[in-house]
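Residue numbers begin at 1 in each chain, while the letters A, B, ... track the order of the sequences. Remember, it's a predicted structure, so these values are computed and weren't measured experimentally.
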Amino acid sequence: MTSPHVQIDGVAKSYGGAPALRDAAIEIGEGEFAALLGPSGCGKSTLLRILSGLLEPDRGRILLGGEDITRLPAWDRDIGLVFQNYALFPHMTVAQNVGFGLEMRRLSRGETRTRVADALAAVGLTGFERRRPAELSGGQQQRVAIARAIAIRPRLLLLDEPLSNLDAVLRSSVRSELRELHDRTGITTVMVTHDQSEALSIADRVILMKEGGVVQAGTPQEIYRHPANAFAASFVGSPPAALFALPPPAAAEAAGWQPGASSRASTAARAAMIAAPASAICASSAPCQCGSRISSFRSRLRSRIAFS
Amino acid sequence: MLAAKSARGLVAPAVLLTAGVFLAPFLLLLAMSLWSQPPGSLMLDVTPTGEHYRRITTDSYYMTGLARTIWLSLATTAICAALALPLAWWIVRRAGRFRGLVLAVVLIPMVCGALLPTLGIVNLIGPLGVLNGTLKSLGLIDRSWKLLGTQAGILIGLVHAFLPLMVLPLVAAMDRLPRDAEGAAMSLGARRRAVWTRIILPLCAPGLLAGSALVFCATLTAFVTPLILGQGKIPTFATMAYQQASLVLDWPFASALAVVMLAILAAIGALGWAIRQALPGAAR
């Protein structure tokens with residue numbers, strides 16, 4: 001494999017002693033659509049801000065296309081950023097908003113006009129040039145924000161919770177439009193979301209985070225079918241996997257649960273234990289007494305057991 | 001719903017009060033500025049005359065005073081803006097839980113009236129005041145800085161007195177800045193300077209304009225501060241009008257001075273309104 005487009009190497013950040021990121025290590029390939037997925041407070045937004053250059057990490061390195069950009073200020077990074085609240089400039093027209101990054105790059109007037117028109121066409125807002133942000137709907141404002149970010153032809157596009165401020169109807173159409181835009185432009189894209197169905201349906205690769213660290217990274221299929229631990233299993237899937245403290249082996253057997261009844265777990269076990277069929281997880285909070293019996297059928301189930 | 005009649009009844013007290021204590025004296029002021037007072041007499045001659053205005057515009061004493069007053073107002077406005085921009089920014093973005101405390105400290109000159117803070121400043125900048133005393137005891141200067149009775153002294157007092165009028169509208173404007181607008185600008189390639197000139201300042205322009213108009217008008221009509229800190233050596237328009245009204249007892253001429261001042265205020269108001277209309281985004 002060639003070296004990854006984005007390489008996040010042992011990045012850590014804490015706010016006033018409280019760690020938000022603990023030595024996160026992530027690689028994202030060129031042209032990939034990656035999703036940073038996790039509950040609020042897992043560090044995904046912090047990581048996005050560090051990627052964009054608006055926040056400096058305490059430790060670690062960020063490489064973009066092989067170049068170390070850890071200390072590069074945000075304005076020199078060529079990274080497009082779409083905020084959750086869009087952050088349009090209210091005193092500028094749509095065209096001025098989209099052209100702002102080009103103006104900062106001192107592009108010629110003609111070139112700016114062409115690129116603004118192209119970017120607006122890409123998001124389906126041709127003809128909105130002279131409007132002001134306040135005259136647009138939320139969905140249109142988001143399109144302007146995306147057009148503004150892609151107009152600079154970024155090396156990386158960052159989307160912060162792009163679907164969270166939209167109504168349900170709009171959400172599914174924007175979801176597919178974002179994917180289409182990515183496929184058309186080929187811009188490496190990183191999206192932050194707390195919605196697992198969003199992440200699984202849109203991204204090539206899902207990076208599941210918890211408490212400032214990466215729990216698991218892989219294709220949606222991998223994450224869904226082979227969750228790395230109890231957290232991954234409970235966070236991914238719809239409805240999420242039902243986890244329960246595994247009863248002592250005797251009780252399990254009494255319930256008709258035959259260890260090793262099938263190499264792939266019985267129908268009952270599949271339904272009872274976890275939605276993802278190939279995994280079985282014991283999430284007992286007390287010291288687990290399942291003992292060797294569990295471990296024997298754990299191997300048969302090819303599952304992992306997380307003692308928490 | 002209220003009938004039109006009873007609505008009018010509700011407005012009436014306020015209208016009567018305004019008409020009685022503001023409109024009527026104002027019209028009297030306008031009329032009196034066209035009257036005259038024969039020398040050596042306290043009786044008023046009500047034959048209309050433009051003599052007072054002629055005197056104001058031709059006598060260099062008054063024209064110099066007018067120019068000085070406008071200059072002091074402009075300088076105070078500029079200094080207040082220069083101080084208030086970073087201060088308001090700090091209050092909005094950095095002060096955190098000290099925000100209320102800092103705002104209260106900034107507001108203190110407004111709530112204690114003009115006299116007390118001004119006398120306090122006399123103690124600070126006077127020949128035997130804290131500032132000169134400290135500098136002298138540190139051996140940094142041999143002779144006291146002469147601030148009392150100079151324009152510099154008046155400027156210090158005016159800036160101190162009217163800084164809140166600039167800070168408050170700016171804090172309000174900066175509070176309304178869209179979150180993440182600076183971050184968005186930076187990610188698009190704007191350095192700090194461009195973030196300020198293209199994003200923050202244009203969006204704060206209405207606040208800056210409102211603050212400037214308030215400070216300018218307050219300074220133009222300021223009376224206590226220039227009187228005390230100027231030690232009677234630096235006449236401004238307000239102290240001249242006071243002289244004429246209370247010491248010379250020439251009310252018609254004092255009225256004319258007041259009308260000129262009001263005309264300048266009206267002009268400033270119109271100018272501010274015009275700029276506000278020209279600002280981008282003024283339509284909403």
Please say whether more than 12 non-hydrogen atoms of neighbouring residues, nucleotides or ligands are located less than 6.0 Å from [atom1] in [X].
X	atom1	value
B:R192	CZ	no
B:W273	CH2	no
B:R94	CZ	no

Side chain, backbone, both or neither: which part of [X] has an atom under 4.5 Å from a heavy atom of chain B?
X	answer
A:L158	neither
A:I79	backbone
A:R49	side chain
A:R105	side chain
A:E103	side chain

If you define the side chain from C-beta out and look only at heavy atoms, does anything of [X] sit under 4.5 Å from [Y]?
X	Y	value
A:L54	B:E182	no
B:M186	A:D76	no
A:L88	B:P178	no

How many angstroms lie between atom [atom1] of [X] and atom [atom2] of [Y], to the nearest 0.5 angstrom?
X	Y	atom1	atom2	value
B:D180	A:F83	CG	CZ	4.5 Å
A:M104	B:R198	CE	CZ	5.5 Å
B:S187	A:D78	OG	CG	10.5 Å
A:F89	B:L177	CZ	CG	11.5 Å

What part of B:A190 is in contact with chain A, defined as an atom under 4.5 angstrom from a non-hydrogen atom: side chain, backbone, both or neither?
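Contact with chain A: backbone and side chain both.
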
Is B:A205 close to chain A through its backbone or its side chain, or both, or neither, when contacts mean heavy atoms under 4.5 Å?
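Interface part for B:A205: neither.
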
Closest non-hydrogen atom pair, A:M92 against B:I199
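Scanning both residues, the minimum pair turns out to be CE-CD1, 3.9 Å.
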
